[in-house]
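We use all heavy atoms of the structure for the numbers below, so side chains are in, but hydrogens, waters and symmetry mates are not.
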Amino acid sequence: GKYNNGAKIGDWIYNYKNGQLEKKVAYQNDKENGLTIEYHDNGKVKKESTYEDGNQQGPSTWYHDNGKVKKVSTYEDGKQEGPSTWYHDNGNVKEKGFYKNDKQINESVFYDSDGNLEKKLTWKNGNFDGPAVYYHDNGKIENKGQYKDGKEVGLWIGHDKKGVLNFKGKYEKGNKEGSWVTQEFWSDAIMKGDYKKDEREGPWTWYYYESGETYLKGQYKTGERDGLWVYYYKKGNIRRQGKYNNGAKIGDWIYNYKN
C-alpha cells in the first residue's frame, strides 16, 4: 500500500505467508476508512465491515469458510449496537442477541444446527443476569434458574429428557448452598444432603430410585468423606460399612453378602 507524509492512504493488501490474500483495507490519514474485507486461507470471504475514522461503523458480516454467513452485527463508533445474529455453517440460526455499548443485554436465544431450541439466557452489561432456561433436543426443559452478575443464584431445577427430576437446589453467588437433591445415574440412586460454599457438608443419604429404600448413608466435611459410611442392599441388609478420614478409608471395614 501507499503512504503520504508517513500516513497510510488508499487500499492496502495483506497476504498470508503462502501468498494467499488475507485482507484488503482502505485507509485515510493512517486510519481505516471505508470497506475492509478479510479472507479465509481458502480464498473465501471471512468478514466484511465498514470503518469511519478508524472505527467500525454500520453493518458487519462474518462468514464461515464454506461461504455461508456466520454472524451479522451493527456497529456505532466501534462498538456493537442493536441486534446480532449468529449462524451455523449449514445456514441455520445459532443465536439471536442484542448489544448496547458493546455489551450483550436482554434475552438471547440459542439453537442447535438442526434448528432445535437449546437455551434462553438473559444478559445485563455483558454478563448473564436474569432468567435462564436450557432445553433437551426433544424440546423438554433440561434445567432452569437465575443468574446475577454472571453467577447462578436462587433455586435451580433440572430434569432428564423424560421429565424426571435430575437435581434441585439453591445457589448463592455461583456456589451451591443448603439442601440439594440430585439423581446419580451411574448408581440409579437419588442423593440428598447439604452444600456449604459449593462443597458437600454434613450427612448425605442415597436412595434407590425405584423403591425409595436407603442405598447409602455418610458424612462429608468440607467436601471430603468423613466418619461412618454405610452401604445397603435392597431390602435393607448392610452391604459394607466403615470410616473415612479426609476422604481416605481408615480402620476396619466390614463387607457382607446379600443374606
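- Interatomic distance, Lys8 NZ to Asn29 CG, rounded to the nearest 0.5 Å: 13.5 Å.
- Looking at Glu199 and Tyr220, their side chains never come closer than 4.5 Å, going by heavy atoms from C-beta outward.
- The CD atom of Glu52 sits 11.0 Å away from the CD atom of Glu76 when rounded to the nearest 0.5 Å.
- Between Trp206 and Ala189, the closest heavy-atom pair is CD1-CB, 4.1 Å.
- The minimum heavy-atom distance linking Glu201 with Gly223 is given by the pair OE1-N, 4.4 Å.
- For the pair Lys100/Glu81, a side-chain contact is recorded, criterion being any heavy-atom separation below 4.5 Å from C-beta on.
- For an aromatic pair to be called close, the ring centres must be under 6.0 Å apart, and Tyr215 with Tyr208 satisfies this.
- By the 4.5 Å heavy-atom criterion applied to side chains, Trp180 and Tyr171 are counted as neighbours.
- Heavy-atom minimum distance, Gly236 versus Glu213: N-OE2, 4.2 Å.
- No side-chain donor-acceptor contact under 3.5 Å links Asp114 to the backbone of Asn116.
- Atoms CG and CZ, from Asp149 and Phe128 in turn, are 13.0 Å apart once rounded to the nearest 0.5 Å.
- Look at Asp226 and Lys243 and you find no salt bridge, because none of the NZ, NE, NH1 or NH2 atoms lies under 4.0 Å from a carboxylate O.
- With a 6.0 Å radius and a threshold of 12 heavy atoms from other residues, nucleotides or ligands, Tyr255 has its OH atom above the threshold.
- Of the N and O atoms on the side chains of Asn101 and Lys79, at least one donor lies less than 3.5 Å from an acceptor on the other residue.
- Here the CD-CD distance, from Glu172 to Glu152, works out to 12.5 Å after rounding to the nearest 0.5 Å.
- Between Lys68 and Asn66, the closest side-chain pair of non-hydrogen atoms falls below 4.5 Å.
- In this structure a side-chain-to-backbone donor-acceptor pair under 3.5 Å is present from Asn237 to Lys258.
- The minimum heavy-atom distance linking Leu121 with Ala132 is given by the pair CD2-CB, 3.7 Å.
- Judged by the 6.0 Å distance and 45° axis criteria, Arg239 is not positioned over the aromatic ring of Tyr231.
- A salt bridge is defined here as a Lys NZ or Arg NE, NH1 or NH2 lying under 4.0 Å from an Asp or Glu carboxylate O, and Lys31 with Asp53 meets this definition.
- Nearest heavy atoms, Lys168 versus Leu155: CG-CD1, 4.0 Å.
- Side chains of Met191 and Trp204 form a contact here, defined as non-hydrogen atoms less than 4.5 Å apart.
- In this structure, the side chain of Asn4 does not engage the main chain of Ala7 through any donor-acceptor pair within 3.5 Å.
- Ile141 is not listed as a side-chain neighbour of Tyr134, based on a closest heavy-atom distance of 4.5 Å or more.
- A 4.5 Å side-chain heavy-atom check between Tyr111 and Glu118 finds every atom pair outside the cut-off.
- Although no hydrogens or angles enter the test, the distance criterion places no donor-acceptor pair under 3.5 Å between the side chain of Thr214 and the main chain of Leu216.
- Under the 3.5 Å distance criterion, the side-chain polar atoms of Asn127 are left unmatched by any main-chain donor or acceptor of Lys148.
- Shown here is Asn5, whose CG atom has no more than 12 heavy atoms of other residues, nucleotides or ligands within 6.0 Å.
- Proximity of a side-chain donor or acceptor of Asn33 to a complementary backbone N or O of Gln28 within less than 3.5 Å is not detected.
- Although no hydrogens or angles enter the test, the distance criterion places no donor-acceptor pair under 3.5 Å between the side chain of Gln56 and the main chain of Tyr75.
- When all heavy atoms are compared, the tightest approach of Ser73 to Ser84 is OG-OG, 2.7 Å.
- For Asn90 (side chain) and Ser113 (main-chain N/O), a donor-acceptor pair under 3.5 Å exists by modelled atom type.
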Next on the checklist: Walk me through whether Asp89 and Lys70 qualify under salt bridge (charged side-chain N to carboxylate O under 4.0 Å, His left out).
Outcome noted: CA-CA 7 Å; Asp89 59 11; Lys70 183 177 183 179; over 6 Å; no

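- Taken to the nearest 0.5 Å, the CD atom of Glu48 stands 8.5 Å off from the OG1 atom of Thr50.
- Cation-pi check for Lys94 over Trp86 is not met; the charged atom does not lie both under 6.0 angstrom from the ring centroid and within 45 degrees of its normal.
- Side chain of Asp198 to main chain of Lys176: a donor-acceptor pair is present (N/O by atom type, distance under 3.5 Å, no hydrogens or angles).
- Side-chain atoms of Asp129 and Thr122, non-hydrogen and from C-beta on, never get closer than 4.5 Å to each other.
- At least one donor-acceptor pair closer than 3.5 Å links the side chain of His40 to the backbone N or O of Tyr63.
- Atom NZ of Lys234 and atom OG of Ser211 lie 6.0 Å apart (nearest 0.5 Å).
- Proximity of the aromatic rings of Tyr147 and Trp156 is defined here by a centroid distance below 6.0 angstrom, and this criterion is met.
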